[in-house]
K.L.:
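Okay, handing you the structure first.
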Number of protein chains: 2
Amino acid sequence: MPKRYSPDKKDINTEEKIKIAARSVFHKKGFVATRTRDIALEAGINLALLNYYFRSKEKLFDIIMAETLHTFVASLISVLNDESTSLQHKVEAFTKAYIEMLIREPEIPIFIMSEMHHHPDKLLARLNAKALLFESAFAKQYVQEFEKKNIAAMPMLQFLMNILGLTVFPFVASPLLKKIGNLSGNEFNALMKERIKRIPEWISLIMNPDAHP
Amino acid sequence: MPKRYSPDKKDINTEEKIKIAARSVFHKKGFVATRTRDIALEAGINLALLNYYFRSKEKLFDIIMAETLHTFVASLISVLNDESTSLQHKVEAFTKAYIEMLIREPEIPIFIMSEMHHHPDKLLARLNAKALLFESAFAKQYVQEFEKKNIAAMPMLQFLMNILGLTVFPFVASPLLKKIGNLSGNEFNALMKERIKRIPEWISLIMNPDAHP
DNA sequence: AATGCATTTAATCGAATGATTAAAATAGTT
DNA sequence: AACTATTTTAATCATTCGATTAAATGCATT
């Protein structure tokens, strides 16, 4: 981001155009498969402007990834830290917020998971992932409800795997699932909207303390 | 695979060495990120031998992918088509077979899902994914049990999303989950082994016809 | 040993790609 | 209008990477 001689709308526009194009192409193809020329073409700008505004492909990628990660965890954080809602309500709010976000941006999970597998240290270094979960209002409630025997005994990480698996996995496997079920994009999304209602019910059943021996 | 002047152990060894190395590198880095030189180095062979035996990087990749897909669905097929076992038993057998396979080869899910997202047509063209599920012994039983009201009403595809989400997703998200839970590889695997027992229980609870209004 | 085919090697090619450069165009300030 | 800093463009560079080639080596049959 070069120093500006004066605030200028065109500068902001070009920079923003590049970011929008970069986000789209990176999300679709991942870091290694995207060419800076793809981004320049999509943005309708000269190739050199990418390096002029962002120095390198990698620096541009880092910015996009940081923003994408924020999208991915922001809705989660607000749900987890609402002191005023019950555990059951949090599950409902999370499922709804997440699935609606994933319907809008279905490439995000595979994008993040893929990059995370190939460069775990780089991506996870900044993220204080542990505190995110274990120091939340949700975590306190979870422990309390367990002590009151209102929910079954289950490590919080297993619970997290379950709710993420049920909500996020279909978007990771969407090409396979669409093929198996012969689904269009809209039909797939309809199934996902159905899951907004069902997943909290299923989670309740799983967490029912009386159902387990 | 050039015609052989005579059956020769060294030939087979070189070809096999390349395939083993290719499988390892492709699984770890995906198609675009792996260089043929990586494979040659890992196999301890001259770079040109890769093209000599397999013509191109892509042809080699296609072979590896076909084998990997087979690994991924083979254990599934045998479970789904065993006429002699109950639905409940099939869930148990599937979970056990799949999680044990994924502990051995944890990169397979992200490898397949990632390539599938980037080239869905190429990968899914051959796979008769629909018949795989809907024409199985499992499918017949599923419909029967539903008609007898022994299981809750749930589209088979939702059921598939649930069981795959619960079993496979943790391996897709493993870098994130390890970071959140501060887990070593062995600790992560221990959690997965625990899930072999738990997932069938959870599925039973979800499918209980009396639990739903 | 001589022959013939298969395998292996070192060297190199051509295309693709991220990045840079120098010149041209643009826009704000005086 | 003249000046100055910024932005944009076209051309080019250096490197990487998949693939090929021609020569060398290995090996079985005769």
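Both backbone and side-chain heavy atoms feed into the values below; hydrogens, waters and symmetry mates do not. None of the values given here were measured: they were computed from a predicted structure.
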K.L.:
Could you tell me the separation between the OH atom of B:Y53 and the C1' atom of C:dA6, rounded to a whole number of Å?
P.N.:
8 Å

K.L.:
Rounding to an integer number of Å, can you tell me how far A:L49 CG sits from C:dA24 P?
P.N.:
18 Å

K.L.:
Using whole Å, what does the distance between atom C1' of nucleotide C:dG18 and atom CG of A:D62 come to?
P.N.:
15 Å

K.L.:
Report yes if at least one side-chain N or O of B:T14 is closer than 4.0 Å to OP1 or OP2 of C:dT8; otherwise report no.
P.N.:
yes

K.L.:
Find the distance A:I39:CD1 to C:dT17:P and express it as a whole number of Å.
P.N.:
12 Å

K.L.:
State which residues pass salt bridge (charged side-chain N to carboxylate O under 4.0 Å, His left out) with A:K178; sequence neighbours excluded, sorted by chain then number.
P.N.:
none

K.L.:
Output yes when A:E58 and A:K122 qualify as a salt bridge under the 4.0 Å nitrogen-oxygen rule, no when they do not.
P.N.:
yes

K.L.:
Just the rounded figure in Å: distance from P of C:dA19 to CD1 of A:I18.
P.N.:
13 Å

K.L.:
Rounded to whole angstroms, how far apart are NZ on A:K59 and C1' on C:dG18?
P.N.:
13 Å

K.L.:
How close or far is atom C1' of C:dT7 from atom CG of B:N13, stated in whole angstroms?
P.N.:
13 Å

K.L.:
Can you tell me how the ring of B:F61 sits relative to the ring of B:F26, calling it parallel under 30°, perpendicular over 60° and tilted otherwise?
P.N.:
perpendicular

K.L.:
Answer with yes or no whether the side chains of A:N186 and A:S184 bring together a donor and an acceptor at under 3.5 Å.
P.N.:
no

K.L.:
Would a line drawn from the ring center of B:F188 to the ring center of B:F171 be shorter than 6.0 Å?
P.N.:
yes

K.L.:
When every nucleotide of nucleotides 12-25 of chain D is labelled 5' to 3' by its protein contacts under 4.0 Å (heavy atoms), B for base, S for sugar-phosphate only, - for none, what sequence of letters results?
P.N.:
-----BBBBB----

K.L.:
Could you pull out all residues at least two apart from A:R195 that satisfy salt bridge (charged side-chain N to carboxylate O under 4.0 Å, His left out)?
P.N.:
none

K.L.:
May I have the distance from A:I45 (atom CD1) to C:dT26 (atom C1'), rounded to whole angstrom?
P.N.:
17 Å

